[in-house]
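None of the values given here were measured: they were computed from a predicted structure. Residue numbers start from 1 in every chain, and the chains themselves are labelled A, B, ... in the order their sequence lines are given, proteins ahead of strands.
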Amino acid sequence: MRIETRRRWAIAWLTGPAYLWLAVTIFLPLSAMLYFSFQKKGPFGKHASEFSLKHYEAFFTKGYLQDLMWRSLEMGFHVTGLCILIGFPAAYWLARRIRGRWREALFLLIVLPFWSNALVRVFSWTIVLRPDGVLDRAVQSVIPGLPAIDLTDSYPAIIIGLVHSYLPYMILTCFLSLQAIDESLLEAARSLGARSWTILVRIILPLAVPGLAAGSILIFVPVIGSFFEPRLLGGPKGTVIGTVIEEQFTVVSNWPLGGALSFILLAIVLLILAVAAPVLKNHMRTT
Amino acid sequence: MSAVDVRNVSKHYGAVTALDRVSLAFPNGSFFALLGPSGSGKTTLLRALAGFVEPDEGMIFIDDQDVAHIPSFRRNIGMVFQNYALFPHMSVFDNVAFGLTVRRLPRAEVRQRVTKILELVRLDGLDRRKPRELSGGQQQRVALARALVTEPRVLLLDEPLGALDKKLRQDMQGELKRIQRTVGITTVFVTHDQEEALTLSDHIAIIDEGRLIQVGEPGDVYDRPHTRFAANFLGDANFLSGSVRDSGIMVDRLGYIATTSPLPAGEATIAVRPERIRLMAPDTATQDNRIEGRVAERVFSGASLTYTVDTDAGPLRVLRQNADGDVIDIGDRVALVWLADHSVVVED
């Protein structure tokens with residue numbers, strides 16, 4: 001009994017600071033934002049606090065907000081999908097084909113973008129993608145006379161920038177689950193008559209699902225809320241729900257609408273996770 | 001006819017020679033043990049049969065087809081891995097059915113064959129479990145069922161019982177033998193456990209440093225080891241060296257030791273198994289080989305006792321069944337007596 005109580009105290013002491021920190025940095029600001037989202041007006045000027053649902057209603061009545069939300073989700077799917085298409089093979093190659101020093105060196109290259117400022121990275125892409133930019137010149141030098149490539153202020157530019165920023169997450173999470181696959185499993189499959197393609201589809205992919213899922217969540221969630229990549233790379237075409245939310249706080253000072261949209265975004269993310277959870281749980285249990 | 005025939009197979013890893021011109025014929029339906037210490041090349045040989053290692057030289061015939069350079073998935077082999085290598089995301093049924101579904105057999109046939117093989121390994125009723133919900137012994141049976149269900153031409157076992165505790169290992173040895181006999185499949189298994197090799201197999205190949213040392217039936221290899229290494233690795237042995245005279249050797253300070261094995265000219269080494277030596281009173285007269293010594297050490301292991309006896313040619317080990325509960329005291333003088341038949345001439 002004494003040991004039991006002492007253990008409880010130890011747990012409280014050891015975990016307490018972390019929970020306190022989470023409460024101060026996440027729970028408090030989030031509750032404040034939730035409070036504002038149900039206010040008629042923001043915390044500026046002198047007016048009494050007044051409960052209102054109008055900012056939530058705004059989302060359902062104003063079609064363009066729904067369009068922008070849809071646009072953001074679409075962007076999230078596109079970026080996540082491309083990250084899987086590029087990241088999974090890269091992770092496979094790193095985890096199963098490359099050994100020793102080379103692997104460390106390649107890992108460094110993958111993590112390198114994390115060391116530079118995100119804004120600088122995005123601006124670099126504008127230099128690459130503009131007409132007469134790096135990409136244009138490179139293509140022209142190979143095939144002269146081709147029409148100029150101009151990706152400035154375009155949807156593909158946003159996607160390229162976002163994929164570049166978030167790809168490392170997919171590579172790292174997939175790498176971890178691919179590396180955990182015992183080589184003897186693949187040999188067993190081969191001895192039973194399976195060719196490479198069958199082994200990939202029936203053994204490797206199912207066992208890599210946890211990595212793919214973790215990577216997808218780590219990418220999808222921030223991408224649908226992103227705002228400076230769409231704005232800098234998409235220009236006038238780069239309006240998404242993220243940029244609208246950001247403007248509510250920085251430009252038009254409509255905190256309640258910004259808050260309401262943020263919580264709708266959060267609700268959609270939670271909904272998607274809830275739908276995906278049973279499938280993932282099933283897979284996690286097996287590995 | 002040999003089901004599997006290995007001819008002059010060599011494999012090098014950089015400067016290391018894993019297999020050095022190994023030739024070995026595995027008779028049809030045999031239960032063949034590859035025995036050797038770790039790093040001897042026995043696993044490399046098994047993996048070459050499986051197709052995971054491509055030999056640098058030589059040929060590997062399975063049913064008269066040279067498969068040395070044919071990929072694993074086209075060899076029609078069954079393999080049980082040391083860690084079982086069960087697919088963790090599949091049920092027992094799906095694991096066993098894998099080889100059949102890969103071959104695109106109709107579902108009804110898959111179901112029927114999986115059910116039948118699970119009965120053979122006595123796992124019926126567990127087909128919906130996941131591998132991690134099974135005990136070590138049950139996982140082993142799933143691995144065996146999965147390897148056998150495709151009716152392969154040869155079954156390869158890589159230290160199949162290494163991960164099990166002693167009691168379970170003995171049970172599984174019996175099971176393995178029963179299943180192998182029922183199916184009648186040529187089986188090659190790798191082990192470093194000499195007892196396992198003797199119990200399970202009907203043929204043993206002793207391998208060391210990539211070379212084949214000796215092949216034969218367990219009794220022959222045990223009774224007539226060709227080399228000092230074979231005598232020492234399969235069982236325990238005492239060695240006596242001396243110059244050849246008539247049908248025996250003269251050992252320094254010890255005298256004449258007779259043997260019935262053919263002797264080389266000059267010097268020779270004789271191996272004697274500890275259990276072939278009888279301990280007698282020091283004044284016993286006998287026609288057999290006889291040397292005297294003093295008991296220096298006694299190790300009690302239940303059913304038997306091992307004595308170390310100091311003789312003029314050094315310490316010799318003697319194994320004695322604990323049949324009558326008689327124990328010889330340390331320091332007692334004894335005579336060590338054995339038949340000339342049990343003096344086996346070995347190469348150094």
Open item on the list: Please determine whether the number of non-hydrogen atoms from other residues, nucleotides or ligands lying under 6.0 Å from atom CZ of B:Arg111 exceeds 12.
Closed with: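 No, not enclosed.
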
Open item on the list: With side chain to side chain donor-acceptor pair (under 3.5 Å) as the rule and sequence neighbours excluded, what pairs involving residues 190-213 of chain A come up?
Closed with: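 Every pair satisfying side chain to side chain donor-acceptor pair (under 3.5 Å) with a residue in residues 190-213 of chain A: A:Arg202-B:Thr101.
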
- [ ] Can you sort out the partners of B:Ile70 under side-chain contact (heavy atoms from CB on, under 4.5 Å), two or more places apart, ordered by chain and number?
- [x]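 Partners of B:Ile70 by the side-chain contact (heavy atoms from CB on, under 4.5 Å) criterion, ordered by chain and then number, come out as B:Gln65, B:Val67, B:Arg74, B:Arg75.
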
TODO: Kindly indicate whether the side chain of A:Val209, heavy atoms from C-beta on, has any atom under 4.5 Å from the side chain of B:His89.
DONE: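 Side chain of A:Val209 against side chain of B:His89, heavy atoms only: no contact under 4.5 Å found.
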
Open item on the list: Using side-chain heavy atoms (C-beta onward) and a distance below 4.5 Å, is A:Leu207 in contact with B:Phe87?
Closed with: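 A side-chain contact under 4.5 Å is absent here.
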
Which answer fits [X], side chain, backbone, both or neither, if we ask what part of it has an atom under 4.5 Å from a heavy atom of chain A?
X        : answer
B:Leu156 : neither
B:Phe81  : side chain
B:Asp158 : neither

Task: Shortest non-hydrogen contact between B:Phe98 and A:Ala194, atoms and distance - done: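 Closest approach of B:Phe98 to A:Ala194: CE2-CB, 3.8 Å.
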
Open item on the list: On a heavy-atom basis, which atom in B:Pro88 and which in A:Leu185 lie closest, and how many Å separate them?
Closed with: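 Minimum heavy-atom contact is CD-CD1, 3.8 Å.
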
Open item on the list: Please output the residues of residues 43-59 of chain B in contact with chain A, using a heavy-atom cutoff of under 4.5 Å, in numerical order.
Closed with: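 Expected list: B:Arg47, B:Phe52.
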
Task: Part of residues 78-88 of chain A lying next to chain B, heavy-atom separation under 4.5 Å - done: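 Against chain B, none of the residues of residues 78-88 of chain A fall inside the cut-off of heavy atoms under 4.5 Å.
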
Open item on the list: If I take atom CG from residue A:Leu192 and atom CZ from residue B:Arg103, how far apart are they, to the nearest 0.5 angstrom?
Closed with: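 That separation rounds to 7.0 Å.
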
